[in-house]
Amino acid sequence: MDKTYQPHAIERSWYQTWEKKGYFKPSGQGDPYCIMIPPPNVTGSLHMGHGFNNAIMDSLIRYHRMKGHNTLWQPGCDHAGIATQMVVERQLGAQGVSRHDLGRDAFIDKIWEWKEQSGGTITNQIRRLGSSVDWSRERFTMDEGLSEAVKEAFVRLHKDGLIYRGKRLVNWDPALHTAISDLEVENVDDKGSLWHFRYPLADGAKTATGLDYLTVATTRPETMLGDSAVAVHPEDARYLGLVGQEVILPLVNRRIPIIADDYVDPAFGTGCVKITPAHDFNDYEVGKRHRLPLFNILDRDAAILARAEVFNIDGSVNSEVDASLPAAYAGLDRFVARKQIVTDFECLGLLEKIDDHALKVPMGDRSHAVIEPWLTDQWYVSAKELAKPAIKAVEDGEIQFVPKQYENMYFSWMRDIQDWCISRQLWWGHRIPAWYDASGQVYVGRDEAEVRREHSLGDEIVLRQDEDVLDTWFSSALWTFSTLDWPKDDNLLKTFHATDVLVTGFDIIFFWVARMIMMSMHFIKNDDGTPQVPFKHVYVHGLVRDSLGHKMSKSKGNVLDPLDLIDGITLDQLVEKRTANMMQPKLAAKIEKQTRNEFPQGIASYGTDALRFTFCSLASTGRDIKFDMGRIEGYRNFCNKIWNAARYVLMNAEQQDDQGNMIAAKDCGQQGGEIELTQADRWIVSRLQHTELQIDKAMSEFRFDQAAQQLFEFIWNEYCDWYLELSKPVLWDENASAAQLRGTRQTLVQVLETALRLAHPFMPFITEEIWQRVAPLAGISGATIMQQPYPQAEQSKINPQAEADIEWLKGAILGIRNIRGEMNISPAKHINVLFANGSSDDQARLNANRPSLIKMANLASATWLEAGTEAPLSATSLVGEMQVLVPMAGLIDKDAELGRLQKELDKLGKLIAQVEAKLSNPKFVDKAPEEVVAKERAKADEARSAAEKLQQQCDKIAAL
RNA sequence: AGGACUAUAGCUCAGUUGGUUAGAGCGCUACCUUGACAUGGUAGAGGUCCCCAGUUCGAAUCUGGGUAGUCCUACCA
């Protein structure tokens, strides 16, 4: 083995081997365990969030696979309608071609081309992350099978009355020319204005204060062209008499009524609200209540129409209204029209004032265009009914969120869920399985033939399929079962559904998690006919942020590619990567500066295992993680530590014990005929059992950080720091018996072999690489560590006596090292140490551990001082009652030792004061549980006795 | 506007049902190339657990109120 750990030398080849040999496929044996990968966008590339997500899922998958489960990790990608279409349109745009130039079919072909070309990026990244997904079951939401599932779901929901088509206000994205759902709208803070317009009263009417106009305040002047009323609060005394009368809408010269509605807040602005039902969601509701006509004044680009399209609120055309708009605005973009209209009001003397106003502007999450509420025909899923069982499943604990607080977020959204607009005016996606005849009558079916058959439509009737496609999230909502061959075959579905855990970020709980629950429970049934949940647990992890706590995003230029942490990247390459293809090239300079500042040396190569271990160690309670380069470097060092520990073990154990002398793993820790175990051997085996228990506990609670921590501490602080060192005096002892040597060698091997299995779910590559060399020494044959059983603690191997003995030994060594370190005694100096005032147990322990003690504390001698024998003047450390004495002569300065003792005494003094304060409080003694009081008493006694001994020592030295 | 979450060492974070001398990694200081490892070893320094009240024998932990930050949902024209 190389002297240092070189991750790139081992990772790729192991992954290829695993994949080629089919180790990622379900074993077909044991209880099923299944995770569905949250499908990344096919044309994107994985970022740190995916790396985090994958690290957790693969840890769970490998853990359960080793536990003997029939394990499936289902991979795949999402077609990501809008995002993907935008990417390809942008590419075409760079060549001066629009999608309309190509036409629908050719454009879709282009997207497929791009998907073929870029889809490999993600699968390569998933492989590099070591994710043990079953590639043979890889799915894409636009695959034929999944497309069938989408059609099936649509048709059935429609039959069940849960999908309908309707003309309503939707969030219209004027840049992308499509409707989007509420969730795809981001409300962004903006500083705007509140314009106060005067609307003259008709027919000479006057307000209570004698004015001949009403003043309305608006943030969107241009929509006044579509006003169909002015509303006041029904109890607003100022305007009571005017309700039912009319105002003349300026510029348009339309008479519109003054209505009374609770919606109006009399305290805000003037208490008069212009009502534009076709361009505002609240006004739409008001309009519905008052049966007002809707004046649609905008086209799909959000430019002003020449003539308003007029509908009543029920969608019928209102022929009584003259709907022509002032010609001056026709064709103007809404923001241009806004300026013009304000100017025109001013000219008419009808602009009262302009106030600054903070508001939220709705923006499309993809296009960042200002969203326009717009009246169109769209398809909707009616969500209320679907939500009911989905809410109940979480209430009943059939689905559990981890951490639990996310359940509240889920409930609050689900209990107030709105219908879901699922149609999109895009080309890339699942075409809606609906057909129209010449009169506009709509028919829903799996295909045209079915529609004709079911509705007895002859060939003479021309049918035209709906041009629209479905929201990407519609197909994603079916992911847990559409990937398992639904609706064609329920074999896999019966085995792996409900899946075990969904691992995801909180940002898509509404988009995806909630909808998966609704869809699964509608379509999939348990054996007893009850609705089946898609997964039993939802593990919600936080976002990965940069070192400053900022969200990573391309436009900020602070994204990290997990592969760059694995392989490393030079500074120049990183800058190049972050500033290439910028939407706003101006930012490039800033990003470059920031990057050069944060990574002056570029990024070193840390390897997959270190990256994964870092993610696991940071995965605590669902909170966001600030990615800290110090952590990954530390865990790369941890890998190196494991690597070198293995080198040491192999160096000592290879070609030493043939198979005949091998003890079976299960006997490790027991005294055998040809094997003699030291207390250190029993100790490390005992500590290993504790570690196994704690890791199991952590995994059952999704506490990957604790599992990682346990592993780290066991391997580094116990196995490497102590056990390996304790093995040296045995292995290097010329007088050691063959049985003792075997005992230690085999404990070294077996604990290492077990620890590798323990660590494998978190660091798959290094554990496999080393295990291949170590397993044969442990008498284990097997092709891969992946298929070995996960270590399980055995109560019989927990050995409190051995643990106490080694704790004693550690205490003595630490005491001596402390004196050595504090007193600046050269590490090269072999010193003589005396042990005094101890029990017979102490004496026995000294005798049993003398060689270890001498080696690890670098002593010349360790001598038991018989009672009554005068000790030379010494620096002192205590192990319980026993004194460990380092004679000062020629080594230690008197004042230095006094200083050191005083420091100890100060510490003890504080402790004693603290504990005695408690104990002298009668309320504490009376009320606290007895064992707590007893513990405090013992603590006080121990501290007092120690202080007393150290004080004596102090006095003795001071007296010189 | 409502809600959630966060605040612990210089930095990144653990800290279970209230009882720990409040921990880890990184960084820092000193010493050390000793036959697994300098991607290392040994020893050490470093904390008013955001603030204020309360409950309790006892609070980093529970309650209330602040402060600061992050986020979600809804939204007043």
Side-chain angles (χ1 to χ4, degrees), chain A residues 1 3-5 187 194 216-220 223 231 263-265 267-276 280-283 357 359-360 403 405-406 408-409 412-413 416 506-507 509-510 542-543 545 547 549 551 604 606 610 617-618 620-631 633-652 701 703 705-706 709 712-713 717 720-721 724-725 728 732 814 817-828 855 858 907-908 910-911 914-915 918 921-929 931-933 935-936 939 943:
Chain A
M1 284 171 82
K3 191 177 168 185
T4 52
Y5 160 67
N187 293 303
L194 194 57
V216 297
T218 181
T219 54
R220 303 198 47 207
T223 63
Y263 158 70
V264 180
D265 174 4
F268 186 90
T270 59
C272 299
V273 185
K274 61 189 270 309
I275 300 298
T276 320
D280 182 280
F281 288 99
N282 287 306
D283 292 5
H357 186 68
L359 74 164
K360 300 261 193 189
Q405 75 238 22
Y406 286 107
N408 291 327
M409 191 169 149
S412 64
W413 190 71
D416 187 34
F506 63 86
D507 48 331
I509 287 182
F510 306 143
L543 253 48
R545 296 173 177 277
S547 59
K551 199 167 163 175
Y606 297 107
S617 73
L618 291 171
S620 51
T621 47
R623 64 192 253 169
D624 288 356
I625 58 178
K626 270 192 237 184
F627 199 82
D628 175 18
M629 298 301 285
R631 289 292 279 258
E633 189 173 338
Y635 293 126
R636 191 271 319 263
N637 295 352
F638 178 47
C639 290
N640 188 57
K641 193 75 180 174
I642 296 174
W643 186 261
N644 279 290
R647 286 179 63 223
Y648 169 79
V649 173
L650 291 171
M651 197 177 289
N652 283 288
E701 294 165 350
R703 287 301 301 268
D705 61 323
Q706 288 177 350
Q709 179 79 3
F712 183 93
E713 282 177 4
N717 303 133
C720 291
D721 284 354
L724 255 47
E725 295 306 319
K728 289 174 185 174
W732 298 347
L814 289 171
R817 282 181 186 167
N818 176 268
I819 292 170
R820 202 191 260 282
E822 295 267 289
M823 296 300 110
N824 284 322
I825 299 172
S826 156
K855 170 74 179 82
N858 199 19
K907 254 195 233 171
L908 285 169
K910 263 189 215 160
L911 178 62
Q914 214 173 34
V915 179
K918 270 191 201 176
N921 180 353
K923 287 181 185 164
F924 171 72
V925 181
D926 289 349
K927 295 198 178 179
E931 74 256 25
V932 172
V933 178
K935 204 171 141 193
E936 292 298 311
K939 203 195 284 176

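The structure presented is a predicted model; accordingly, all values stated were derived computationally and were not measured. Here is how names work: the chains are called A, B, and so on, in the same order as the sequence lines, proteins then strands, and each is numbered from 1.
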What distance, rounded to whole Å, do you find between the two C1' atoms, one in B:C49 and one in B:A60? 5 Å

Which atom pair, heavy atoms only, marks the closest approach of A:Asp283 to A:Thr276? OD2-N, 2.7 Å

A:Trp732 on top of B:G35's base, within under 5.5 Å and under 30°? yes

Using atom P of each nucleotide, how far apart are B:U34 and B:U42 to the nearest Å? 15 Å

Nearest 0.5 Å, what's the CZ-CG distance between A:Arg820 and A:Asn858? 5.0 Å

Set of ring pair (Phe, Tyr, Trp, His ring centres under 6.0 Å) partners for A:Tyr648, sequence neighbours left out: none

Please work out if A:Gln709 contacts a base, only the sugar-phosphate, or nothing of the nucleic acid, heavy-atom cut-off 4.0 Å. sugar-phosphate

Please report the distance separating the P of B:U67 from the corresponding atom of B:G23, rounded so that it comes out in whole Å. 33 Å

Using a heavy-atom cut-off of under 4.0 Å over every strand shown, decide if A:Ile275 touches base, sugar-phosphate, or nothing. nothing

Considering every strand and a 4.0 Å limit on heavy-atom distances, what is the contact class for A:Phe510: base, sugar-phosphate, or nothing? sugar-phosphate

Remember a base hit wins even if backbone is also touched, and classify A:Lys910 as base, sugar-phosphate or nothing at under 4.0 Å, heavy atoms. nothing

For nucleotides B:A9 and B:U55, find the distance between their C1' atoms and express it as a whole number of Å. 30 Å

Between B:U73 and B:U20, how many Å separate the two C1' atoms, rounded to a whole number? 41 Å

Separation of the C1' atoms in B:G69 and B:C31, to the nearest angstrom: 42 Å

Heavy atoms under 4.0 Å, any strand shown: does A:Asn187 hit a base, just sugar-phosphate, or nothing? base

Which residues pass the salt bridge (Lys or Arg N to Asp or Glu O under 4.0 Å) test with A:Glu713, sequence neighbours left out? none

Categorize A:Cys272 for me: base, sugar-phosphate, or nothing, with a 4.0 angstrom heavy-atom threshold over every strand shown. nothing

Letter per nucleotide, 5' to 3', of nucleotides 57-64 of chain B [B base touched, S only sugar-phosphate touched, - untouched; heavy atoms, 4.0 Å]: B-------

Expressed as a whole number of angstroms, how long is the span from A:Asp721:CG to B:A36:P? 14 Å

Per-nucleotide protein contact string for nucleotides 9-18 of chain B, where B marks a base within reach and S marks sugar-phosphate only (heavy atoms under 4.0 Å, - for neither): ---BSSSB--

Assign A:Val649 to base, sugar-phosphate, or nothing according to its heavy-atom contacts below 4.0 angstrom with the strands shown. nothing

Using atom C1' of each nucleotide, how far apart are B:U70 and B:C50 to the nearest Å? 16 Å

Say we look at B:G15 and B:U56: how far apart would their P atoms be, to the nearest angstrom? 28 Å

Contact class for A:Thr219 (heavy atom, under 4.0 Å): base, sugar-phosphate, or nothing? sugar-phosphate

Angle class for the A:Tyr406/A:Phe506 ring planes (parallel below 30°, perpendicular above 60°, tilted otherwise)? parallel

Atom pairs, protein N/O to nucleotides 43-46 of chain B N/O, distance under 3.5 Å:
unit_1	atom_1	unit_2	atom_2	d
B:A43	O3'	A:Asn818	ND2	3.3
B:G44	OP1	A:Asn818	ND2	2.4

Base-pairing string, 5' to 3', of RNA chain B - Watson-Crick or wobble, under 3.5 Å, | interstrand: (((((((..((((.....[...)))).(((((.......))))).....(((((..]....))))))))))))....

